[in-house]
Amino acid sequence: MIDLHTHSNISDGSDPPERIPELAAANGCRAVALTDHDRMDGLEAAAKRAAEVGVELVPGCEISCEVPKGTMHVLIYFVEPGAALEAELVRLQVARDERNARMYRRLSEELGLPITPEEVEAEAGGKGVGRPHVAAVLVRKGVVGSIQEAFDRYLAKGQPGYVEKERLYPDQAITLARQSSAVPVLAHPLSLGLEASDLDRTIGELAGLGLAGAEAIYGRYSPEERHLVADLARRHGLVVTGGSDYHGTYKPDLQIGVGRGDLDVDDAVLDELAARRGR
C-alpha cells in the first residue's frame, strides 16, 4: 500500500521529515508522499532516509488556494527542485511568515494570551510555523485543553485569533504544477462544504483546467464518503487517490498508511498518477 498525504514539522506536522519514511516502512508502505503545506524544504532529508529504509519517497506539497467560500487544498506530486512551482512556494512562504507575525500580535496584544513567537518557533523546530504549533503552545500553557479547543476558540476561520494568509487560486496552482511537470490532485474534496451538485460541477471545472485526481480514500472519511468522491472522480476521468493526512501528534487519530485503521491505498494509484505527468 501507499500513503500520498503526510506532513512533517517543516509545515504543520510534529515529526521531522526523515521520520515520515520510517513510519511508512514500519506500517508496510511501499511508497509515501511528503506533502508539506506550501513548501518543499523537507524533501531532501525525507528522500535520503526513504532510500535507507527501502521506501519510495514521492516529492510533493499541498497548496492552499482561494475559493469563494473558503479554502481549497491542492496536492501536487512529483515536484522537482528548481521548477516554477518552487519559486512561487518561496514567495508564499514569505507571505506566510508575515501573516504569522500578525497572528502573534493579535493573540498576545489584543487577546492577552501568554504566547510569544519564540515559543511557537521552538514548537515548530524553527521552520514552517503553522496554527497547530500555536495551538500546541496554548495547550502546554493551560489556556485550552486540546488542540481542537484551541482552534474552536481562537484559531479557526471566524475566531478572534484567525488571520488570513495569501493564497493562489486553483487555476494558478494547477497551471504551476503542469508547468513544472508535476501532477495536481484535489485534497479532501468534502472539506469544501459543497452540495453534491456543486461539488460535481467544481470537480468537472478543475478537471478541465488540468486536475489529475481527487483524494477519495482519505484518512477521516467514512466508506460512504469515499465512495461518493470516488464516483465523482471517475465521472470526470480523474485518478482516485488517497492518503492519511498524517500530522503526528497534532492529528493523533491518523497514522501513516492506515489512517484510523481502515485506510488502504493501492500501489496502482501511484502508477496512474505518474502516467498523467506531462498530460
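Checked against side-chain contact (heavy atoms from CB on, under 4.5 Å), Thr116 has the following partners two or more places apart in sequence or in another chain: Glu118, Glu119. The salt bridge (Lys or Arg N to Asp or Glu O under 4.0 Å) search around Arg226 returns Asp262, not counting sequence neighbours. Residues passing the side chain to side chain donor-acceptor pair (under 3.5 Å) test with Tyr77: none are found, sequence neighbours excluded. With sequence neighbours excluded, the residues forming a salt bridge (Lys or Arg N to Asp or Glu O under 4.0 Å) with Asp198 are Arg201, listed by chain and number. In this structure Arg260 satisfies the salt bridge (Lys or Arg N to Asp or Glu O under 4.0 Å) test together with Asp253, sequence neighbours excluded. Residues passing the salt bridge (Lys or Arg N to Asp or Glu O under 4.0 Å) test with Glu149 are Arg153, sequence neighbours excluded. By the side-chain contact (heavy atoms from CB on, under 4.5 Å) test, Val90 pairs with no residue at all, sequence neighbours left out. Contacts of Glu86 classified as side chain to side chain donor-acceptor pair (under 3.5 Å), with partners at least two apart in sequence or in another chain: none. When the side chain to side chain donor-acceptor pair (under 3.5 Å) test is applied to Glu109, no partner is found at least two apart in sequence or on another chain.
With His7 contributing its side chain and Thr35 its backbone, the two residues share a donor-acceptor pair below 3.5 Å. Checking side-chain atoms of Asp3 against main-chain N and O of Ser244 turns up a donor-acceptor pair under 3.5 Å. The main-chain N or O of Ser8 is found under 3.5 Å from a side-chain atom of Asp36 such that the two form a donor-acceptor pair. A donor-acceptor contact shorter than 3.5 Å is absent between the side chain of Arg106 and the backbone of Val163.
Residue Lys69 places its NZ atom among 12 or fewer non-hydrogen atoms of other residues, nucleotides or ligands, all under 6.0 Å distant.
The SG atom of Cys29 sits 11.0 Å away from the CD1 atom of Ile20 when rounded to the nearest 0.5 Å. Here the OG-CZ distance, from Ser11 to Arg39, works out to 8.0 Å after rounding to the nearest 0.5 Å.
Using a 3.5 Å distance cut-off with no hydrogens or angles, the side chains of Asn9 and His133 do not pair a donor with an acceptor.
Residue pairs satisfying the salt bridge (charged side-chain N to carboxylate O under 4.0 Å, His left out) criterion with at least one member in residues 56-67, sequence neighbours excluded, are listed as follows: Arg30-Glu56, Glu66-Arg167. Among pairs with a residue in residues 205-217, those fulfilling side chain to side chain donor-acceptor pair (under 3.5 Å) read His5-Glu215, at least two apart in sequence or across chains.
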N/O donor to acceptor pairs below 3.5 angstrom from side-chain atoms of residues 42-51, sequence neighbours left out:
from: Lys48; atom 1: NZ; to: Glu52; atom 2: OE2; distance (Å): 3.0
from: Arg49; atom 1: NE; to: Glu22; atom 2: OE2; distance (Å): 2.7
from: Arg49; atom 1: NH1; to: Glu52; atom 2: OE1; distance (Å): 2.8
from: Arg49; atom 1: NH2; to: Glu22; atom 2: OE2; distance (Å): 3.4

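Ring planes of His247 and His37: tilted class, angle from 30 to 60°.
Note on Leu263 and Leu23: separate hydrophobic clusters, where clusters join Ile, Leu, Val, Met, Phe, Trp and Tyr whose side-chain heavy atoms are under 4.5 Å apart, directly or indirectly.
Taking 4.0 Å as the cut-off between side-chain N and carboxylate O, Glu164 and Lys157 count as a salt-bridged pair. With respect to the salt-bridge test (charged N to carboxylate O, under 4.0 angstrom), the residues Glu225 and Arg220 do not qualify.
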